[in-house]
There are 2 protein chains.
Amino acid sequence: MRPLFHPALEDIRPEAILYALSDPERVAIYAQLAGASGGGTCSALAQLGDRVIPKSSLSNHFKVLRESGLILSERQGIEMHNQTRCAELDERFPGLIKAILLAYAQIPGQPKVG
Amino acid sequence: MRPLFHPALEDIRPEAILYALSDPERVAIYAQLAGASGGGTCSALAQLGDRVIPKSSLSNHFKVLRESGLILSERQGIEMHNQTRCAELDERFPGLIKAILLAYAQIPGQPKVG
DNA sequence: ATCAACAGTTCCGAATTTCTGAACTACGGA
DNA sequence: TCCGTAGTTCAGAAATTCGGAACTGTTGAT
């Protein structure tokens, strides 16, 4: 298993952020991470609403989020702990993440961030 | 030629907005429209930076922008006039468009909105 | 040490999407 | 009517996404 790649703050690109968050499933995952205080593991997020996300798809979602710079993933023993990089990101792209989550929160059935 | 579809304000979805603006070429087009006072035609935007965008691609970009709710297109005689729906959009998704354009403006070589 | 269970990743083929040249439609002017 | 211009649609090639199956790496039990 290759080491996990995380872009440096200055290498994060807006198109990658927007692409990553243009998928409602990924937004739901991200919003969970942003809201949850505990470390969000993949399997803890395998079910969102009524759909069970296949684990290869889930793994790919996390990869997209990670490589876009939205989240930080860290292996802790058997499982993977994920957290958002929202503080850093807000420094680089002020107001962006907040506005995006707010936009999704307007839509019924979409996640509200904690 | 089919009539052009524009979503009603309440039908505009954040994922469509983010997807549309996750392509730097489309962002450049959108930023031009947002900045330009005159009606932006397709052909006026065919060249961005050093790349000449094929007209079928350009037409598709405009379609994506239009159907996501970002722009309003109106045929005026032989050409098409496009304008942003930013005022409406800001009402529905406060701060979103501004934050996105600001994010892109951080990147050297990306368009600054007028 | 070996084994089994578990969390997550990688692989790869199928399905979908994107890209763009070529053909086409629509409008306006001569 | 015929031509030129602006933009759309079509269609095939290329690229991307999806997800089941196989795999890797870690922990705990025997």
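The figures that follow rest on heavy atoms only: side chains count, while hydrogens, waters and symmetry mates do not. Convention: sequence-line order gives letters A, B, ...; per-chain numbering from 1. Note that the structure is a prediction, hence the values are computed from the model and not measured.
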Closest nucleotide among C/dG21, D/dG7, D/dA22 to the B/Ser56 side chain: C/dG21
Separation of C/dT17 C1' from B/Lys63 NZ (nearest whole Å): 12 Å
Length of the CD1-C1' vector between B/Ile71 and D/dG7, whole Å: 13 Å
Candidate nucleotides D/dC18, C/dT9, C/dA7, ranked by approach to the side chain of A/Glu79 - the nearest: C/dA7
First of A/Tyr19 and A/Gly77 reached from the 5' end of DNA chain D, by closest nucleotide: A/Tyr19
N/O donor-acceptor pair under 3.5 Å between B/Ser59 side chain and B/Ser56 backbone: no
Transitive ILVMFWY side-chain link B/Ile100 to B/Leu9, under 4.5 Å: yes
Salt bridge flag under 4.0 Å for residues A/Arg92 and A/Glu10: no
Interatomic distance where NE2 belongs to B/His61 and C1' belongs to C/dT17 [whole Å]: 14 Å
Phosphate contact (D/dC18 OP1 or OP2) by A/Arg51 side-chain N/O below 4.0 Å: no
Comparing A/Ile78 and A/Pro54 on DNA chain D - which has the more 5′ nearest nucleotide: A/Pro54
Residue-phosphate contact under 4.0 Å: B/Ser59 side-chain N/O, D/dT8 OP1/OP2: yes
Side-chain N or O of B/Ser57 closer than 4.0 Å to phosphate OP1/OP2 of C/dT20: yes
Rounded distance (Å) that lies between atom P of C/dA22 and atom CG of B/Leu58: 18 Å
Cation over ring face, A/Arg13 and A/Phe93, 6.0 Å, 45°: no
Cluster link B/Ile97 to B/Val64, ILVMFWY, side chain under 4.5 Å: no
Between P of D/dG7 and CZ of B/Arg75, the distance in whole Å: 8 Å
Whole-Å distance separating the CZ atom of B/Phe62 from the P atom of D/dG7: 8 Å
Between P of D/dA22 and NZ of A/Lys55, the distance in whole Å: 12 Å
Gap between atoms CG and C1', on A/Asn60 and C/dA7 respectively (whole Å): 16 Å
